[in-house]
Amino acid sequence: MITIDQVKKVAKLANITLTPEEEKLFASQLSQILGYVEKLNQVNTKNIEPTFNVTGLKNVMRTDVIGESLTQDAALQNTRPKNGFFVTKGVFEDE
Amino acid sequence: MLDLIRLNLLETVTGLRDKKFSETELNEAYLKRIQELNPKLNAFLTVENNSQGIPVGVKDIISTQNIKTTAGSKILSNYLPPFNATVVDKLMAQSCSIIGKTNCDEFAMGSSGENSAYGPTKNPWDITKVSGGTSSGSAVAVAADSCVFALGSDTGGSIRQPASFCGVVGLKPSYGRVSRYGLIAAVSSFDTIGPITKSVADAAQVLDWISGADGYDSNCQDEKFVLQPPRLQAKVKGLRVGIPREYFGAGLDSQVKMVIEKALKQLEDLGAQLVEVSLPHSEYALAAYYIINPSEVSANMARFDGIRFGSDREDFGPEVKRRIMLGTFALSTGYYDEYYKKAAVVRTLVKQDFDKAFKLCDVIVGPVSPTVAWNLGEKMGNPLKMYLADIYTIASNLAGMPGLSIPCGFVDGLPVGLQILGRYLDEETLLKVGYAYEQATDWHKQKADL
């Protein structure tokens, strides 16, 4: 069902690196799981609305006032910052 | 001398108030207990040498300020949250303290405790068996009297199932009853924080303490749960208990079935009226769950890019990688309608089943799990086999209603949990039923021989 090629494409979308063994294993396991969920096609879903949220809450707002924020130090405490900034990959440079 | 570690929350609060012992003695006793048992059980990943406060175990997927929080993953092996989850702040305002962070399946994905990057948690009743998951450490810590109570999270049964495997009380509140602020997100439309406790009354007390909106979870209802002891202790005479025929079919272990049926008879003896109900879309609920879960997981795991926190994405464990892959596929162009949207429509049908059933009954009762705890390693080679273990618990995450697991017996020395499901926001009724059953039985007094 799911080919190794499809696994490679999905891994790229998901930003996950897989070894060739993992690609093969996932092709097989994902196919098995998708095979199981195929049974949803037996259900008559005509004219039924999807449910994405069971609370019924919508447009929950607050007044636009500044509240408490993390300090810069607290926000950076789990990484190695440079000059008080997060370090990321360059956007414009060639990889 | 009182064996302090055997006391439940209400007994502990009373004992402290009446000055029968001090907070220092309490913490010393629990810390000693953890030191004795943790090498064997692996329930705690981090232990805090406190001398004050009522000792609580907190699942390591819940943020605790400047206390290492790993979510059971290698990715967060050194992560120090810069803030407390709201539930943690609320408990600390009630004189609780965090005695430790408990082990869990990585990012709340699993059904046994075996997906933790820090080794599985062992079942205190038989250390060759799984503890259940994903709130494995929390359930074991309470069962082993290593804390007064614990917090877990339930996305597809992850409070109820380990509670049932370990012989303790586990409550999944209604979705939206407790703020998720500070809970590291797995499945945003299912995730629910809840208590794992030594008694039903304790679970009701903790829910009272942690529930209610905080302004940080826009899917949290304003309405708090308020504990009213007379209502908790009210008789269940005349209460209608729904028995779903689909939960007593072929997949249920025959010995577990006998234990559950005895429990139902006990409810009848207490005056409840048993009513057969049907949840016709039950066989599709698991399939819908295992599309929605990986889909939302794949979105929530995107934040682990190693920039603001955490290590490289290569450090995800195999189950997390599997679900990211499955979810990314299900949400990708050309597949969204066929998988995620279809599952969301089936979700509506599952919810409608419960709405219809609750016209005929006040609570729905059945098993938490088709079996008792299985051997460590037994299901690890087959992801789908592991998923099938969740068959009775996932429906209440799809539909959002509350679920309680209470000890109701044993099979081959391993605990069995009775699941009580209630209407949305009606934790009061299901706690009342749980309390009545517990008071009429002795299961909750039995402790593992450790």
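Just so we're on the same page: letters track the sequence lines, and every chain starts at 1. Not measured: the values here are computed from a predicted model.
With respect to chain A, the highest number of heavy-atom pairs below 4.5 Å among B:L286, B:N78, B:I292 belongs to B:L286. The candidate from B:L398, B:L80, B:V350 with the greatest count of non-hydrogen atom pairs under 4.5 Å with chain A is B:L80. When each of B:F309, B:Y340, B:F329 is scored by its heavy-atom pairs under 4.5 Å with chain A, the top score falls to B:F329. Chosen from A:T17, A:T88, A:V37, the residue pairing most often with chain B at heavy-atom distances under 4.5 Å is A:V37. With chain A as the partner, the residue from B:K321, B:E338, B:E314 showing the most heavy-atom pairs under 4.5 Å is B:K321. Your options are A:L76, A:T79, A:L34, and the one with the most heavy-atom pairs under 4.5 Å with chain B is A:L34. When A:V10, A:L30, A:V7, A:V60 are compared by the number of non-hydrogen pairs under 4.5 Å with chain B, A:V10 comes out ahead. By number of non-hydrogen pairs under 4.5 angstrom with chain A, the leading residue of B:G215, B:A399, B:S174, B:S188 is B:A399. Counting heavy-atom pairs closer than 4.5 Å to chain B, the top residue among A:Q29, A:E22, A:Q6 is A:Q29.
Interface residue A:V87: only backbone heavy atoms are found under 4.5 Å from chain B. Heavy atoms of B:L76 lying under 4.5 Å from chain A are absent altogether. Using a 4.5 Å cut-off between heavy atoms, B:P294 makes no contact with chain A at all. Residue B:F190 does not touch chain A at all, counting heavy-atom pairs closer than 4.5 Å. Only the side chain of B:Y335 has a heavy atom closer than 4.5 Å to any heavy atom of chain A. In this structure, chain B has a heavy atom under 4.5 Å from the side chain of A:I2, while its backbone stays farther away. Only the side chain of B:L388 comes within less than 4.5 Å of a heavy atom in chain A; its backbone stays farther off.
Under the 4.5 Å side-chain criterion, counting only non-hydrogen atoms from C-beta, A:L18 is in contact with B:M325. With a 4.5 Å cut-off on side-chain heavy atoms, A:I33 and B:L326 count as touching. Residues B:N382 and A:Q32 meet the side-chain proximity criterion, which asks for heavy atoms closer than 4.5 Å. Inter-residue side-chain proximity for A:L57 and B:Q221 is flagged as met; some heavy-atom pair is nearer than 4.5 Å.
In this structure, A:I16 CD1 and B:R313 CZ are separated by 4.5 Å, a value rounded to the nearest 0.5 Å. Note that OG of B:S218 and NZ of A:K58 are 14.0 Å apart. Values are rounded to the nearest 0.5 Å. Between A:E38 atom CD and B:Y339 atom OH the span is 5.0 Å, to the nearest 0.5 Å. The line from CG of A:N78 to CD1 of B:I307 is 14.0 Å long, rounded to the nearest 0.5 Å. Note that the NE2 atom of B:H281 and the CG atom of A:L40 stand 10.5 Å from one another [nearest 0.5 Å]. To the nearest 0.5 Å, the span separating CG on B:N219 from OG1 on A:T55 amounts to 3.5 Å.
Within a 6.0 Å radius of NZ in B:K224, other residues, nucleotides and ligands contribute more than 12 heavy atoms. Within a 6.0 Å sphere centred on NZ of B:K90, other residues, nucleotides and ligands contribute more than 12 heavy atoms.
Side-chain contact check for B:N66 and A:Q77: at least one donor-acceptor pair (N or O, by modelled atom type) lies under 3.5 Å.
The heavy-atom pair separating A:K39 from B:Y284 by the smallest distance is O-CE2, 3.4 Å. When all heavy atoms of A:Y36 and B:E283 are compared, the closest pair comes out as OH-O, 4.5 Å. Closest approach of A:A74 and B:P82 over heavy atoms only: O-CB, 3.8 Å.
Of all residues spanning residues 41-54 of chain A, those with a heavy atom less than 4.5 Å away from chain B's heavy atoms are A:N41, A:Q42, A:V43, A:N44, A:T45, A:I48, A:E49, A:P50, A:T51, A:F52, A:N53, A:V54, arranged by number.
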